[in-house]
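See structure below.
Chain identifiers are assigned alphabetically (A, B, ...) following the order of the sequence lines, protein sequences preceding nucleic acid strands; residue numbering begins at 1 within each chain.
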Amino acid sequence: MPELPEVQTIVNDLLTAGLVGAEITGARVFWPRTISGMSPAAFGRRVKGRVVTGVWRRAKYIVVDLDGGLGLLIHLRMTGRLDLVPARQPRAKHEHVILELGDQRHLRFHDTRKFGRFCLTAEPGKILDRLGPEPLSAAFTARRLADCLKARRRMVKPLLLDQRMIAGLGNIYADEALWAAGIHPGRMAGTLLPAEIKALHRAIRQVLAQGVKNLGTTLGSGAGNFYSIARHRGRNRDALKVFRRDGLPCPRCAHPIRRIVVGQRGTHFCPVCQQ
DNA sequence: GTCTATGTTTGCGG
DNA sequence: TCCGCAAACATAGA
């Protein structure tokens, strides 16, 4: 569920909460498959005694830098969540990893569907360098987007969701960007005109920047929804124009929004504005 | 109770 | 290489 704006919000909250400088005094793993590439025991040995030196975001990864040159990459996938809580708080259902901190707090990983992953590595670049450009950085230009789309016999929406092309877009913001640009999600990528590519480039940056500003999108109220640290909800839902708004009027032309399936993903668009 | 959909990514097969 | 599909899981909602 968390896309770029949601992950950025979590990172910002972790920084505000003072995670940098904290020492990891121990780790407990309750679902071994959450830890990728090594056993839970090895993971515990290697993080114990390390101090957090930085927290940042790349695509949908939370990157926790540790002293000694290690990086902990956390990917939330669909339902992952991080909670920073007092050490004394009892473990909740679905808390699969607990990082014990020296300041009597715990950083806990909560994940109902168990798709999320922790990857501890000395070479984070091996994973992060495979990803496309950060859409809010200067490296993401209309030209760069055009190169991604060029000669591709593939629908534009699945391409936008491909993290090797652009890093950080997910289902919500892809639908929103395509609506803002007036492009049908099933359009073949290679057929986009230069003006459409420019509009799409601008739309991607606009919807993501707005999502960050609104502290992410929380859709419902259940445990599987987006919550940042300390259970903060995002308020970007009110800014959504099409996502999960099928049947409601398009904000531009009032024609009812439709929901179809594109590349096995629920897809929302306006049949009039996005021909 | 039963059935379907789900905001992500990977790996497989054509 | 490119692309579509199923799987990894649990729960909410119909």
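- Remark: A:Arg265 is in phosphate contact with B:dT8, judged by side-chain N or O atoms under 4.0 Å from OP1 or OP2.
- Under a 4.0 Å N-O distance rule, the pair A:Arg154/A:Asp162 qualifies as a salt bridge.
- Counting only residues at least two apart or in different chains, side chain to side chain donor-acceptor pair (under 3.5 Å) contacts with residues 194-205 of chain A comprise A:Arg187-A:Glu196.
- For the C1' atoms, the distance linking B:dG11 with C:dA10 amounts to 22 Å, nearest Å.
- The stretch residues 110-134 of chain A touches DNA chain C through A:Thr112, A:Arg113, A:Lys114, A:Phe115, each having a heavy atom within less than 4.0 Å of the strand.
- Figure legend: cation-pi geometry between A:Arg245 and A:Trp179 absent, as NZ or CZ is not positioned both under 6.0 Å from the six-membered ring centre and within 45° of its axis.
- One can place CZ of A:Arg77 at 13 Å from P of C:dA8, the figure rounded to the nearest angstrom.
- The side chain of A:His94 places an N or O atom within less than 4.0 Å of a non-bridging phosphate oxygen (OP1 or OP2) of C:dT11.
- On a pure distance criterion of 3.5 Å, no polar donor-acceptor pair joins the side chain of A:Arg154 and the base of C:dG4.
- Nucleotide B:dT9 holds its P atom 18 Å from the CZ atom of A:Arg33, rounded to whole Å.
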Start with the C-alpha distance between A:Arg108 and A:Asp83, add both sets of side-chain angles, then the distance that settles salt bridge (charged side-chain N to carboxylate O under 4.0 Å, His left out), and finish with yes or no. CA-CA 5 Å; A:Arg108 300 189 184 182; A:Asp83 292 317; over 6 Å; no
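- Between A:Lys157 and A:Asp175 a salt bridge is recorded (basic side-chain N to carboxylate O distance below 4.0 Å).
- A stem is defined here as three or more consecutive Watson-Crick or G-U pairs, each with both distances under 3.5 Å; for DNA chain B these stems are B:2-6 with C:10-14, B:8-14 with C:2-8.
- The side chain of A:Lys93 has C:dT11 as its nearest neighbour among C:dC9, B:dG7, C:dT11.
- Salt bridge A:Lys241/A:Glu176: absent, no basic N to carboxylate O contact under 4.0 Å.
- The line from CG of A:Leu149 to CG of A:Leu145 is 4.5 Å long, rounded to the nearest 0.5 Å.
- The separation between A:Leu169 atom CG and B:dT8 atom P is 10 Å, rounded to whole Å.
- Counting to the nearest Å, the C1' atom of B:dT8 and the CG atom of A:Leu160 are 15 Å from each other.
- Side chain of A:Asn225, nearest nucleotide from B:dG7, C:dT11, B:dT9: B:dG7.
- Atom P of B:dT9 sits at a distance of 22 Å from the matching atom of C:dT11, rounded to the whole Å.
- A salt bridge does not link A:Arg244 with A:Asp246: none of the charged nitrogens is closer than 4.0 Å to a carboxylate oxygen.
- A salt bridge does not link A:Asp147 to A:Arg144: none of the charged nitrogens lies less than 4.0 Å from a carboxylate oxygen.
- Taking atom P on both B:dT2 and C:dA8, the two are 22 Å apart, rounded to the nearest angstrom.
- One can place CG of A:Leu4 at 12 Å from P of B:dT8, the figure rounded to the nearest angstrom.
- Here the nucleotide nearest the side chain of A:Phe243, chosen from C:dA8, C:dA6, B:dG7, is B:dG7.
- The interatomic distance linking A:Arg153 (CZ) with C:dT1 (C1') rounds to 14 Å, in whole Å.
- For the residue pair A:Asn214/A:Gln210, the side-chain donor-acceptor check at 3.5 Å is not satisfied.
- Between A:Met78 atom CE and C:dA12 atom C1' there is a gap of 13 Å when expressed in whole angstrom units.
- Following rounding to the nearest Å, A:Ile172 (CD1) and B:dT8 (C1') show an atom-to-atom distance of 12 Å.
- Along DNA chain C, the nucleotide nearest to A:Gly263 and the one nearest to A:Arg152 differ in position, and the one closer to the 5' end is contacted by A:Arg152.
- Taking the side chain of A:Gln264 as heavy atoms from C-beta on, and the options C:dT11, C:dG4, B:dT8, the nearest nucleotide is C:dG4.
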